[in-house]
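Some notes on the structure that comes next.
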Amino acid sequence: MDCQAWFGLGAGALRRPAAVGGRGKWSRALCFAALAGLSLLGCASYSEHTKEARSALDAGDADKALKLYNERLEVKSAKELPKELSGDNTLLVLERSMILQQLQQYALSSRDMQVADKQIEILDFDRKAIDDIGKYLFSDSTGPYKAPFYEKLLINTQNMLNYLQVGDLNGARIEARRLAVMQSFIANHEGQGASLIGPGSYLAGFIFEKSGDPQEALRYYDEALQFDSFHSLTPVVVRLAAQASYRTPRITKILDANAGAPAGPEEPAELLIVVNNGRVPAKIAKRVPIGLALTYASAFISPAQASQANELALQGLVTWINYPVLDKEKKVSPPLVKVDGRQQPVELALAVDSEAKKAWDDAQGAVVASAITRMIARVLAGQVAKKAGGDSTVGMLLSLGTQVALTANDVPDTRSWGTLPARIATSRLTLEPGRHEIEVSVGGSVRRQTVELTPGGWAVVGVTALR
Amino acid sequence: MGWTFGLNGVARAALLVAVALPAASTVLGGCGGSPKAVRGSDVQGLDDEAMGTGLDRRDLQQMLHENMESLQKSALVKRWEGENRPAVAVLSMRNETTEHIDSVLNALITEVETSLVNAGHVRVISRDSQPEMIKEVQKQQSDAFDASTVARLGNQVGVRYFVTGRVYNADERQSDERRVQYFLFMRVLDVQTGDILWQNSAGLTKAIVK
């Protein structure tokens, strides 16, 4: 008798006459064991699938990480997109884009981000009620990937950086406008605070400033200042305010504080260095004691569910809950930036790891609650199966099999944009036109680059070190 | 001989839970059919279907048709008829949208040139014959438009009129919808005076809805 027939999948299986002796019982047990083994093999979580690539990045081997992502996407090289962009492939493409950025393959990185940007939007629209129900019944990983807000805002931010590095203001402006659309959507749904993204607004301001639109540039710079006090923006705001009428209390305050200060050059040659440093903590699957899980989820489950879970815990039927957590944060040292041999000031534009933690803290309660609900459903299904089989070995096997099958398919949702940097830092300098040597030390490696600045010209140098 | 486990309805339900739910969860994970290449002429309505919020051939033709119809009805065409086919150059269409549609806009320039050539009122100076100068004009236009510079450069290229334009949009997103309203704005400039002799805007909407 095969497993499929045993589960009653074949026609008339439930009415099949059979003399069940000891041999039959053991064959069923073997079937269950095989099923459990097979199920477990096929149900690794997202972070387990991408663990080797993350380890390669930790070792500073971005080429290997890229190769592993390409294998996962079933493509021969980064020039290719996967045949299907549904499901986790969109997230894999997004993760690949940052590795391509680190490898200075900006055109491919930009294409990956554009594709993922659109697809993540489609996934948002495609999300159905059944996906949410599925999270409470089947598995945490049910349904399409839903990116948290900070990830959505960082797609356009990082793509602006890609375009700026190749001097494409037109492409960068499009990304800046896309960022504004996303910010408006988030502000309408979550409040303005959630829509702010310091480096995004900073880069958008830079893009419109260098596109000859001081009014729009001031608007974006003001948004960046609302997020954080970027001291490098003070002379920029003073200079642009002489060309544009846009004012807010923040801009007026800067102008008042700098009234009478000597004016800088009208058309300075400027260098903007953006450093993507470290990596956000990945989500990993973790087993936590049921008592602790109930504490996390207390605001998200009903008293009846809590009491049911407690009862099962007391009976010793449930001791652990399997759910995703953020991996330990790694220490990230600030980058060291030198231009023509002299060390330059660096500003922290965004602690992405803190944003990831904040987003996870907000989501954690509901995630644990759904894990507890699934756990209760599994145990109850097992009890029903046991009751049906009686106190015999068969009953125990039925109960075990039911729980094993459901547990094996319950995969903690460890999906996240794990190749985002932990920190984004900037260094902005006004320089004499001509050739300049740049040296950025970050994450144990040193990147050297030469830039040629024309009078009134600009250059953006991005350094990405995802270790 | 009967079913020796004595499975009742409850047991069957339990078994179904054990087997069907994991299967359902797998299905929820997503299964797709194999992709295949098709020819537009073989699949009815293929060119009518919107594939996203970007601009496609049909969108361009619709907006261009509306603008060119307006141009043909304008007083400018009568002026051109009296000038014995003056020289015209079509500049780049500036992309002020939230979509990366630059390759589509390059195709639009060719469509505009084709339309003008076939109407027969003007001589169209090919961009290929004056690449450096046109590039300079486009550079002027792309970042900070300076009419006097364009006029100077227009004289150097040897054209009497420039056709120029831009595409912009109003892009809004809601929880289950993204709506992008496009506007193709075109105008004709007199190189000598910088006067705008004709302008028109055509619009259309693309959206992703649930």
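Proteins get letters first, then strands, A, B, ... in listed order; numbering begins at 1 in each.
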Under 4.5 Å to a heavy atom of chain A? For Glu177(B) that would be backbone
What part of Asp102(B) gets closer than 4.5 Å to chain A, counting heavy atoms only: side chain, backbone, both or neither?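 It is the side chain, since no backbone atom gets that close.
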Any salt bridge linking Glu111(B) with Arg57(B)? Criterion: basic side-chain nitrogen under 4.0 Å from a carboxylate oxygen.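 Looking at Arg57(B) together with Glu111(B), the answer is no, because their closest N to O distance does not fall below 4.0 Å.
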Counterpart residues, ring-ring contact (aromatic ring centres under 6.0 Å, His included), relative to His121(B) (two or more places apart):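 Checked His121(B) against ring-ring contact (aromatic ring centres under 6.0 Å, His included); zero matches.
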Excluding sequence neighbours, so at least two apart, what forms ring-ring contact (aromatic ring centres under 6.0 Å, His included) with Phe185(A)?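 In terms of ring-ring contact (aromatic ring centres under 6.0 Å, His included), with neighbours along the sequence ignored, Phe185(A) is linked to His189(A).
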Check whether Phe208(A) gets within reach of chain B through its side chain, its backbone, both or neither, counting any heavy atom under 4.5 Å.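 Neither the backbone nor the side chain of Phe208(A) comes within 4.5 Å of chain B.
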Run through Leu108(B), Leu55(B), Thr53(B) and flag the one making a side chain to side chain contact (heavy atoms under 4.5 Å, CB included) with Ile101(B).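 The option that passes is Leu55(B).
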